[in-house]
Amino acid sequence: MDIKELLQKAIYQAAHQAIADGVFASHELPQIILEVPPQKEFGDFATNFSMQAARAAKTNPRVIAEAIVARMQETWLDKAVIAGPGFINFYLKSDWLYTMLRDILSQGENYGNSQFGEKERVQVEYVSANPTGPLHVGHGRGAAVGSALVNLLKAAGYDVASEYYINDAGNQIDNLAASVHARYLELLGQEVEFPADGYHGQDIIETAQRIVDKVGDSYLAKPVLERLAILKEIALKEKLAALKADLAAFNVQFDVWFSECTLHQNGALTETCQVLKDNGSIYEKDGALWLKSTACGDDKDRVVIRDNGIPTYLAADIAYHRNKLDRGFNQLINIWGADHHGYICRVKAAIGALGYSPEQLEVLIVQMVSLYRSGQLVKMSKRTGQSVTLSELIEEVGTDAARFFFIMRSLDSQLDFDLDLAKSKSNENPVYYIQYAYARIASIFRQAAEDGISLEEIDYTKLDLLASEWEVDLIKKLGEYQEEIADAAKERAPHRIARYVHDLAGQFHTFYNQCRIKGVDRDLQLARMGLALAVQTTIRHALGILGISAPEKM
RNA sequence: GGCUCCGUAGCUCAGCUGGAUAGAGCACUUGACUUCGAAUCAAUAGGUCGGGGGUUCGAAUCCCUCCGGGGUCACCA
């Protein structure tokens with residue numbers, strides 16, 4: 001049991017004792033929240049419990065606080081002091097720090113992992129960009145955040161699966177085929193009218209060129225429809241391969257790539273519509289079938305089957321979400337761009353209509369990204385004249401920096417991505433700041449090894465030599481990591497980990513500048529190496545969650 | 001207009017399930033390398049938490065309202 005739980009339990013017991021002694025009356029005690037006080041003088045932990053309890057008990061919070069403090073005799077507690085309007089500040093005997101550090105060191109690579117999520121089955125679906133062209137920077141943010149969230153949830157003890165939904169059915173894919181077709185004919189010297197909704201990207205021309213290189217004009221002999229079908233298949237395959245390559249270069253992998261087509265082909269779509277029709281969630285009007293999404297607060301009902309009999313995108317998406325839930329996931333997390341916000345309501349409505357709880361779907365909306373270079377908004381890629389792609393971004397700033405910049409801000413905030421800052425190898429760049437701390441520790445260990453001092457010699461019983469305020473602060477910071485992971489996972493907030501690891505690196509740098517490791521008494525050196533080791537392991541764990549490398553040298 | 005995100009230091013942003021003197025990075029100013037990596041550290045300075053009401057012991061945080069800015073409102077996906 002860690003120290004906070006111990007403390008919570010002790011407060012709880014003291015409070016009950018006080019009630020039994022008639023100090024104050026209460027039926028329900030509020031949850032005991034312990035936090036690290038804003039200032040060191042206020043002790044190791046503080047609680048506002050007595051102020052919370054005072055409201056229900058209609059008693060002066062200080063009276064309650066005094067009663068609790070008087071009933072706490074724990075040996076590990078140095079003192080408990082009432083402060084301000086009724087805070088209780090706890091000052092612990094210092095050996096708790098060394099017990100904690102010892103514990104962190106013995107957990108090694110596993111420090112940070114917990115059972116918090118109780119193996120809840122969660123699926124995270126993200127990116128899911130149409131396979132009609134390259135990923136752009138907006139997708140990049142979703143990709144970075146999504147993959148970090150998956151890692152975060154895993155560390156926090158959830159049973160997580162990641163998934164990419166491939167929109168390989170419908171109009172946009174037909175447009176893709178038509179675009180490739182038009183380019184194919186162009187390359188063969190024919191005059192063609194480019195499709196109105198076609199894709200103008202260079203990648204389409206390249207795909208067409210590869211086809212020409214391979215088969216020449218032989219497809220011209222085939223009927224148009226057959227030709228389009230072949231080109232569709234080729235283009236789709238290429239686009240998908242390109243997506244996977246881009247994502248892999250960005251440290252993003254998926255457990256499952258789910259094809260929309262399969263829902264059309266295996267009857268899941270019609271079956272789902274039938275279920276909704278049978279339970280009255282779908283009705284017919286103007287020759288089309290409509291989902292009663294207004295029942296869930298949507299502005300209007302939505303068409304699922306058009307009057308020409310062709311299902312809408314929504315129909316497939318409903319079948320898809322039904323499929324996911326039928327697979328046994330307790331919680332679905334979708335990461336969408338801000339432009340899809342209005343879509344949440346109807347999908348939740350459908351999930352409710354299917355007999356699941358709309359709460360089982362959680363949609364995280366990621367706000368938009370703006371690129372800046374030299375203080376100027378970058379609207380288009382200089383090279384292609386179109387939106388800047390993820391691979392261009394990676395090429396310019398690198399995967400590590402791009403991922404960190406995408407993840408470091410809250411999803412709710414629009415992101416101003418400063419390209420100059422992201423690629424500067426200097427003190428301004430937070431990525432390098434963190435990696436530098438890691439590399440610095442590696443360097444310390446290398447030098448110690450040269451002096452014949454190895455990490456195996458660290459004596460866990462002598463960690464209490466770490467008594468300076470810098471060492472104590474650093475140990476405390478390390479101790480917060482486990483809970484930080486759990487909190488960040490609960491809030492679906494990977495940016496908290498980015499912030500945490502940046503703070504941790506900062507505290508390490510401070511410690512490093514204040515406390516020498518090499519050239520001090522051997523026991524002290526080993527104790528400080530132990531602290532550095534715990535920091536290094538924690539940074540590596542956190543960077544692992546963020547999908548960023550931890551270099552031994554820079 | 002409806003829905004939604006944002007508005008906090010010069011800039012970019014944390015903090016938001018109410019708590020103590022509102023934080024960080026960058027930029028600015030000043031200082032620290034003959035000793036473990038100066039991609040570092042230390043110090044100074046910088047604020048009507050968009051405005052106004054309300055709720056209460058206590059509000060950046062909750063409620064109402066107004067003002068800015070972004071996104072979105074298809075039988076497209």
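Numbered from 1 within each chain, the chains take letters A, B, ... in sequence-line order.
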Between rG46(B) and rC11(B) - C1' atom distance, rounded Å
13 Å

To the side chain of Asp299(A), which of rU35(B), rG2(B), rC75(B) is closest?
rG2(B)

Residues His321(A) and Asn334(A): side-chain donor-acceptor under 3.5 angstrom
yes

Nearest whole Å is fine: how far is rC26(B) P from Tyr432(A) OH?
16 Å

Once you apply the 3.5 Å cut-off to both distances, tell me the Watson-Crick or G-U wobble partner of rG1(B), or none.
rC73(B)

With heavy atoms under 4.0 Å as the rule, sort Asp420(A) into base, sugar-phosphate or nothing.
nothing

Tell me if the centroids of the rings in Phe258(A) and Tyr164(A) come within less than 6.0 Å of each other.
no

Can you tell me how far P in rU55(B) sits from the matching atom in rC64(B), rounded to whole Å?
15 Å

When we call it a touch if two heavy atoms are under 4.0 Å apart, what does Ala437(A) touch: a base, just sugar-phosphate, or nothing?
nothing

Tell me which nucleotide, if any, is Watson-Crick or G-U wobble paired with rG7(B) when both distances must be under 3.5 Å.
rC67(B)

Any idea which of rG70(B), rA14(B), rG37(B) is nearest the Arg446(A) side chain?
rG37(B)

Would Asp420(A) and Tyr372(A) count as having a side-chain donor-acceptor pair, cut-off 3.5 Å?
no

Can you tell me the Watson-Crick or wobble partner of rG18(B), both distances under 3.5 angstrom?
none

Select base, sugar-phosphate, or nothing to describe what Asp286(A) touches, counting heavy atoms under 4.0 Å on all strands.
base

Sub-3.5 Å donor-acceptor pair from the side chain of Asp286(A) to the main-chain atoms of Ala288(A), do we have one?
no

Take atom CG of Asp339(A) and atom P of rU4(B), then tell me their distance rounded to the nearest Å.
17 Å

Paired with rG46(B): which nucleotide, if any, by Watson-Crick or G-U wobble criteria at under 3.5 Å for both distances?
none

When you measure from the side chain of Asp416(A), which nucleotide among rU12(B), rA39(B), rA74(B) comes out closest?
rU12(B)

Quickly work out the Ile444(A) CD1 to rC36(B) C1' distance and round it to whole Å.
6 Å

N or O in side chain of Gln447(A) less than 4.0 angstrom from rG37(B) OP1/OP2
yes

Side chain of Gln514(A) only, heavy atoms from C-beta on: which candidate in rG37(B), rA42(B), rA20(B) is closest?
rA42(B)

Hey, does Gln39(A) reach any base, or is it just sugar-phosphate, or nothing, if we go heavy atoms under 4.0 Å?
base

Spacing between Gln536(A) atom CD and rG37(B) atom P, to the nearest angstrom
14 Å

If each of Asn167(A) and Ala439(A) is mapped to the nucleotide of RNA chain B with the nearest heavy atom, which maps nearer the 5' terminus, i.e. the 5' end?
Ala439(A)

Using atom P in both nucleotides, what's the gap between rU72(B) and rU56(B) to the nearest angstrom?
41 Å

Going by purine N1 to pyrimidine N3 plus the second Watson-Crick contact, or the G-U wobble pair, all under 3.5 Å, which nucleotide sits opposite rU40(B)?
rA32(B)

Nucleotide nearest Ala83(A) when distance is taken to its side chain, options rA20(B), rA42(B), rG37(B):
rA20(B)

Determine the Euclidean distance between corresponding C1' atoms of rA9(B) and rA60(B); express it in Å to zero decimal places.
14 Å

When rounded to the nearest Å, what value does the distance between C1' atoms of rC41(B) and rC3(B) take?
49 Å

Is the distance between the ring centroids of Tyr433(A) and Tyr436(A) under 6.0 Å?
no

Using OP1 and OP2 only, check whether a side-chain N or O of Thr510(A) sits under 4.0 Å from rA42(B).
yes

Is Lys553(A) touching bases, backbone alone, or none of the nucleic acid, heavy atoms closer than 4.0 Å?
base

Out of rG37(B), rA20(B), rA77(B), which nucleotide sits closest to the side chain of Arg440(A)?
rG37(B)

What interatomic distance, in whole Å, is found between C1' of rA43(B) and the corresponding atom of rG58(B)?
34 Å

For the side chain of Thr312(A), counting heavy atoms from C-beta on, which of rG37(B), rA77(B), rA14(B) is nearest?
rA77(B)

Once you round it to whole Å, what is the distance between P of rC13(B) and CZ of Phe404(A)?
14 Å

Counting side-chain heavy atoms from CB outward, which of rA77(B), rA14(B), rC36(B) is closest to Lys518(A)?
rC36(B)

State which of rG69(B), rA14(B), rC75(B) makes the closest approach to the side chain of His495(A).
rA14(B)

Separation of the C1' atoms in rA22(B) and rG15(B), to the nearest angstrom
8 Å

Whole angstrom is fine here: how far is it from OH in Tyr372(A) over to P in rU12(B)?
8 Å

Here's a test for you: under salt bridge (charged side-chain N to carboxylate O under 4.0 Å, His left out), which of Lys477(A), Arg496(A), Lys490(A) qualifies with Glu484(A)?
Arg496(A)

Is Asn130(A) close enough to rA77(B) that one of its side-chain N or O atoms is under 4.0 Å from OP1 or OP2 there?
no

With a 4.0 Å cut-off on heavy atoms, is Gln172(A) in touch with a base, just the backbone sugar-phosphate, or nothing at all?
sugar-phosphate

Looking at Lys292(A) and Asp298(A), does any basic side-chain N land under 4.0 Å from a carboxylate oxygen?
no

Going from CD on Glu480(A) to CD1 on Ile475(A), what distance comes out if it is rounded to the nearest 0.5 angstrom?
12.5 Å

Report which part of the nucleic acid Met408(A) touches: base, sugar-phosphate, or nothing (heavy-atom distance under 4.0 Å, all strands).
nothing

Toward the 5' end of RNA chain B, by each residue's nearest nucleotide, Lys490(A) or Tyr512(A):
Lys490(A)

Would Tyr436(A) count as stacked on rG37(B) if the rule is ring centres under 5.5 Å and plane angle under 30°?
no

Between rG7(B) and rU17(B), how far is it from one P atom to the other, in whole Å?
14 Å

To the nearest Å, give me how far apart NE2 (His341(A)) and C1' (rG70(B)) are.
13 Å

Is there a donor-acceptor contact under 3.5 Å linking the side chains of Glu552(A) and Tyr438(A)?
yes

Ring centroid separation for Phe417(A) and Phe406(A), is it under 6.0 angstrom?
yes

Under 4.0 Å: is that the gap between some side-chain N or O of Ser413(A) and OP1 or OP2 of rA14(B)?
yes

Atom CG of Asn429(A) and atom P of rA27(B): how far apart are they, to the nearest Å?
11 Å

At under 4.0 Å between heavy atoms, what does Met368(A) touch on the DNA or RNA strands: base, sugar-phosphate, or nothing?
sugar-phosphate

Examine rC41(B): is either OP1 or OP2 under 4.0 Å from a nitrogen or oxygen in the side chain of Tyr433(A)? Give yes or no.
yes

What about Asp503(A): does its side chain form a donor-acceptor pair under 3.5 Å with the base of rA14(B)?
no

What contact category does Thr132(A) fall into here, base, sugar-phosphate, or nothing, at under 4.0 angstrom with non-hydrogen atoms?
nothing

Closest listed nucleotide, where the reference is the side chain of His502(A) and the choices are rG19(B), rG25(B), rG37(B)
rG25(B)

So does Lys423(A) get a side-chain nitrogen or oxygen closer than 4.0 Å to the phosphate oxygens (OP1/OP2) of rA39(B)?
no

